[in-house]
Amino acid sequence: MTTIGLDVGGTKIAGALVDEDGKVLARARRETGIPSAESVASASADLVRELAQHQDVKGVGMAVAGFVDKSGAHVVYGTNLGMQDEPMKQRMESLIDYPVILDNDANAAAWGEFQFGAGRDSDDMLLVTVGTGIGGGIVVDQRLLRGAYGFAAEIGHMRVVVDGPQCGCGNRGCWEMYASGSALLRSAKELASSGTPHAARLREACGGRPKDLKGQAITELAKKGDLACIELLEDLGHWLGEGCASMTAILDPDMIVIGGGVVEAGNLLLDPARHAYGRQLTARGHRPVARFVPAALGNDAGMIGAAAIAAEVYDGAGADA
């Protein structure tokens, strides 16, 4: 049995034909232009037709960057997609001959990692994706946790500092303001702009223009032993570990999977995160400690997870908590 998984972002849609073992058999992508319900549906339907040629496809899963209702039918709010209370399932099924199920993109990535990636031997897993912001997905007793309305696991907006910097969500002091790729880049630009000799290699990396600094340069310099960049990643890891300790006090996972672009830094990020996690863990010294591991599926996690959700839903098993 094969299903199709789509990872729907603000400017592009990545799609994959996936078999029951999570193997990607074919892939394709489309640009959406100015995002809207119409452009996303049209591009998505075109992708499905391409990937489904001469295949026995059971259904389609769409991983969407936004709030998706628990039924998997509506995009309740997707600011980067130009959607609000959009019946995307109905719209898609009017364009293609396959059943469609929607889910949040981080939920789909978590399910992909749980089924076929780093979390395969876990029963209770927390996925933390460290990118522009922080995304998350939660598996409890081998089932995705979606909450009463489908909006669970917006973990990046857990408040960690009272009256901290204002987040894009409108609140202040959210976790992603301290433990995301954007937070890392903001700190690096501030350091490079300070004029300190400590940041000399950072300034070289951006041609003396801190505003042009890229996150990848920080990771590359840290891997080459630049102390300033190592310290920047240590600071990020500290915030990441502290937040994960707070999440553990609520969820008690046996595994914490760290994904997103920043995880390319490897143990330069994960070791400080593990240390901070252990220092802040409730009942430390008297309880098992969750394993901290990097994600295994990379950018394919959302597509594979969405395809797996579709496979389970249309095979009668379901991935709901």
Side-chain angles (χ1 to χ4, degrees), residues 2-18 22 28-30 32 35-49 51-52 57-115 127 129 135-139 143-154 299-321:
T2 61
T3 49
I4 290 174
L6 304 179
D7 192 352
V8 182
T11 60
K12 64 178 176 59
I13 303 168
L17 179 71
V18 182
R29 61 182 286 168
R30 293 288 187 279
T32 57
S36 66
E38 292 80 6
S39 65
V40 167
S42 176
S44 296
D46 193 41
L47 257 180
V48 169
R49 295 186 198 102
L51 290 167
V57 173
K58 189 79 171 180
V60 177
M62 295 181 70
V64 178
F67 285 180
V68 175
D69 77 314
K70 194 171 183 177
S71 73
H74 284 73
V75 179
V76 177
Y77 183 63
T79 181
N80 292 329
L81 300 176
M83 297 184 204
Q84 186 171 343
D85 195 24
E86 166 57 36
M88 181 55 70
K89 173 181 170 69
Q90 181 182 26
R91 187 185 291 273
M92 282 292 294
E93 289 178 347
S94 72
L95 299 175
I96 58 175
D97 295 325
Y98 305 102
V100 176
I101 189 78
L102 313 179
D103 212 325
N104 170 266
D105 55 352
N107 278 349
W111 196 244
E113 290 288 346
F114 174 72
Q115 290 280 50
L127 172 72
T129 57
I138 299 166
V139 176
R143 299 177 73 84
L144 264 175
L145 178 67
R146 292 191 176 87
Y149 306 105
F151 307 155
E154 291 293 328
N299 291 331
D300 288 347
M303 295 186 300
I304 293 173
I309 289 169
E312 295 199 9
V313 168
Y314 296 118
D315 195 38
D320 287 334

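Owing to the predicted nature of the structure, the values given are computational and were not obtained by experimental measurement.
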- Task: Using the six-membered ring wherever Trp is involved, compare the ring planes of F151 and F67 and label them parallel, tilted or perpendicular (cut-offs 30° and 60°).
- Result: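 The arrangement is parallel - the two ring planes meet at less than 30°.
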Rounded to the nearest 0.5 Å, how far apart are [atom1] of [X] and [atom2] of [Y]?
X: I309; Y: N107; atom1: CD1; atom2: CG; answer: 7.0 Å
X: L127; Y: W111; atom1: CG; atom2: CH2; answer: 13.0 Å
X: H74; Y: Q84; atom1: NE2; atom2: CD; answer: 12.0 Å
X: D105; Y: M303; atom1: CG; atom2: CE; answer: 13.0 Å

- Would you please test D103 and R146 for salt bridge (charged side-chain N to carboxylate O under 4.0 Å, His left out) and show each step? CA-CA 10 Å; D103 212 325; R146 292 191 176 87; 2.5 Å; yes
Can you name the nearest heavy-atom pair linking [X] to [Y], along with the distance?
X: L47; Y: A14; value: CD1-C, 4.3 Å
X: T32; Y: A43; value: CG2-CB, 4.4 Å
X: V57; Y: A52; value: CG2-CB, 3.9 Å
X: S44; Y: I13; value: OG-CD1, 3.2 Å
X: A73; Y: D69; value: N-OD1, 3.0 Å
X: A306; Y: A63; value: CB-N, 3.9 Å

- Query: Please walk me through it: do Q115 and E312 pass side chain to side chain contact (heavy atoms under 4.5 Å, CB included)?
  - Reply: CA-CA 11 Å; Q115 290 280 50; E312 295 199 9; 2.4 Å; yes
- Item | For E113, salt bridge (Lys or Arg N to Asp or Glu O under 4.0 Å) partners two or more places apart |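 Here no residue qualifies.
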- Message: Just to verify, what does K89 make a salt bridge (Lys or Arg N to Asp or Glu O under 4.0 Å) with, not counting sequence neighbours?
- Response: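 Only E93 meet the salt bridge (Lys or Arg N to Asp or Glu O under 4.0 Å) criterion with K89.
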- I4 side chain reached by Y98 side chain, heavy atoms, under 4.5 Å: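 They are not in side-chain contact.
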- Do other residues, nucleotides or ligands put more than 12 heavy atoms under 6.0 Å from E38 CD?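 Enclosed: over 12 neighbouring heavy atoms sit under 6.0 Å from CD of E38.
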Checking the side chain of [X] only, and the main-chain atoms of [Y] only, is there a donor and an acceptor separated by less than 3.5 Å?
X: S36; Y: S39; value: yes
X: T3; Y: V60; value: no
X: N104; Y: G66; value: yes
X: Y314; Y: V100; value: yes

- Take M62 and M92 through the side chain to side chain contact (heavy atoms under 4.5 Å, CB included) test and state the conclusion after the steps. CA-CA 10 Å; M62 295 181 70; M92 282 292 294; 3.6 Å; yes
- Task: Determine, step by step, whether V76 and D85 satisfy the side chain to side chain contact (heavy atoms under 4.5 Å, CB included) criterion, reporting the C-alpha distance in whole Å, the side-chain angles of both residues, the deciding distance to 0.1 Å, and the verdict.
- Result: CA-CA 4 Å; V76 177; D85 195 24; 5.6 Å; no
- What's the verdict on side chain to side chain contact (heavy atoms under 4.5 Å, CB included) for V40 and V8, showing C-alpha distance, side-chain angles and the deciding distance? CA-CA 8 Å; V40 167; V8 182; 3.7 Å; yes
